[in-house]
Engineer: 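Sharing a structure, written as structure tokens. Questions coming.
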Amino acid sequence: MQYLRRISGDRRGRGDGVDVISISIGGFSTPFGAFGAVTKGIFVSCAAGNSGPVERTLSNEAPWLLTVAANTVDRSQRATVKLGDGQKFNGESLDQYPTSSGSLLTLFHTDSDSYCKSLNSSQVEGKVVACSVYRTPSYTANLVKAAGGVGVILISTIIEGGIILDSRCNFPATKVSNEDGARITAYATSATADGIHHL
């Protein structure tokens with residue numbers, strides 16, 4: 001139905017004498033309605049969508065369209081995770097809290113509840129918890145906070161890859177890539193894990 005509405009809108013635009021059609025909707029492509037507009041001399045610009053960075057996630061890729069995509073900025077709100085064995089992982093955080101003053105905090109993660117949906121306060125109180133993002137970063141951070149955690153390492157999803165999509169949590173939080181998250185959780189669940197220096 002949405003596809004038919006979009007074609008109908010393109011036809012209406014041609015009839016109304018427009019010069020430019022801007023379609024800011026991604027998700028699926030509708031090149032045929034736009035093709036009719038282009039043949040009438042109307043410039044058509046479309047959104048590339050918000051998926052990725054995996055293959056076949058681009059929307060509106062027909063060669064007669066101008067497909068517009070956003071890019072990342074060359075700045076980051078860096079927040080570094082330093083593990084007890086010296087490994088460092090650069091994440092990002094819009095919640096910039098003072099780092100712990102060199103003291104070692106306990107790191108917690110369990111594979112049986114990687115999304116931290118049912119944390120037990122006796123396990124996480126006073127600890128930094130590594131979690132895969134459940135719903136949203138702030139929702140996940142609130143789950144950790146409610147269970148008595150003092151900070152959270154948020155692990156990006158596989159589909160986000162190395163991209164760190166950051167959001168405010170109002171809690172000490174660092175968002176890391178999926179690859180770095182796998183290394184952090186492997187450390188947290190190893191027998192030699194002795195904590196985390198700072199968040």
Side-chain angles (χ1 to χ4, degrees), residues 26-27 49-54 57 69-199:
N50 296 317
S51 299
V54 295
T57 54
N71 198 350
T72 56
V73 296
D74 60 353
R75 296 172 298 282
S76 68
Q77 300 292 325
R78 181 169 292 172
T80 302
V81 175
K82 182 180 177 186
L83 302 180
D85 65 357
Q87 291 185 83
K88 290 182 183 180
F89 301 95
N90 290 325
E92 293 184 29
S93 179
L94 294 180
D95 302 283
Q96 296 289 324
Y97 288 82
T99 61
S100 60
S101 56
S103 59
L104 200 63
L105 301 171
T106 305
L107 176 61
F108 176 83
H109 173 78
T110 176
D111 290 330
S112 62
D113 186 21
S114 63
Y115 289 96
C116 299
K117 294 189 283 186
S118 54
L119 293 172
N120 186 329
S121 60
S122 65
Q123 291 179 303
V124 303
E125 190 166 355
K127 299 176 183 176
V128 174
V129 183
C131 301
S132 296
V133 175
Y134 177 64
R135 294 190 184 170
T136 66
S138 60
Y139 186 88
T140 307
N142 283 331
L143 292 174
V144 172
K145 184 177 181 181
V150 295
V152 62
I153 299 170
L154 298 161
I155 302 166
S156 298
T157 63
I158 292 173
I159 200 163
E160 289 172 336
I163 297 172
I164 302 172
L165 302 174
D166 203 2
S167 62
R168 195 159 198 73
C169 295
N170 298 310
F171 184 67
T174 299
K175 184 95 181 282
V176 297
S177 69
N178 187 263
E179 184 179 345
D180 287 346
R183 292 188 181 114
I184 292 167
T185 56
Y187 171 82
T189 55
S190 70
T192 58
D194 55 359
I196 179 172
H197 277 290
H198 55 76
L199 184 66

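These numbers were taken from a predicted model, which means no experiment stands behind them. By convention here, the first residue in the shown sequence is residue 1.
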Engineer: Evaluate the side-chain proximity of F89 to T174: yes if any heavy-atom separation is below 4.5 Å, no if none is.
Structural biologist: no

Engineer: Where do S93 and A173 come nearest, in terms of heavy atoms and distance?
Structural biologist: OG-O, 2.6 Å

Engineer: So how far is it from C169 SG to L94 CG, rounded to the nearest 0.5 Å?
Structural biologist: 8.0 Å

Engineer: Quick one: CG on N178 to CZ on R183, what's the gap to the nearest 0.5 Å?
Structural biologist: 10.5 Å

Engineer: Could you walk me through whether V176 and L154 satisfy the side chain to side chain contact (heavy atoms under 4.5 Å, CB included) test, starting with their C-alpha distance in whole Å, then the side-chain angles of each, then the deciding distance to 0.1 Å, before giving a yes or no?
Structural biologist: CA-CA 6 Å; V176 297; L154 298 161; over 6 Å; no

Engineer: Can any side-chain N or O of D113 pair as donor or acceptor with the backbone N or O of K117 at less than 3.5 Å?
Structural biologist: yes

Engineer: With a 4.5 Å heavy-atom cut-off, do I184 and L107 have their side chains touching?
Structural biologist: yes

Engineer: Please identify each residue that fulfils side-chain hydrogen bond (donor to acceptor under 3.5 Å, both in side chains) with N120, with sequence neighbours left out.
Structural biologist: S122

Engineer: Does S156 reach the side chain of K175, with side-chain heavy atoms less than 4.5 Å apart?
Structural biologist: yes

Engineer: Could you state the interatomic distance from CG (L143) to CZ (F171), rounded to the nearest 0.5 Å?
Structural biologist: 10.5 Å

Engineer: Could you grab the distance from atom CZ of F108 to atom CD1 of I153, nearest 0.5 Å is fine?
Structural biologist: 12.5 Å

Engineer: Suppose we screen for salt bridge (Lys or Arg N to Asp or Glu O under 4.0 Å). Which residues come up paired with R78, at least two apart in sequence or across chains?
Structural biologist: none

Engineer: Which pairs of donor and acceptor atoms, one on a side chain in residues 127-135, lie under 3.5 Å apart (sequence neighbours left out)?
Structural biologist:
residue	atom	partner	partner atom	Å
K127	NZ	Q123	O	2.7
R135	NH1	Y139	OH	3.2

Engineer: Rounded to the nearest 0.5 Å, what separates atom CG in D85 from atom OG in S190?
Structural biologist: 8.0 Å

Engineer: So, taking the atom named CD in E92 and the one named OG1 in T80, what distance separates them when rounded to the nearest 0.5 Å?
Structural biologist: 10.5 Å

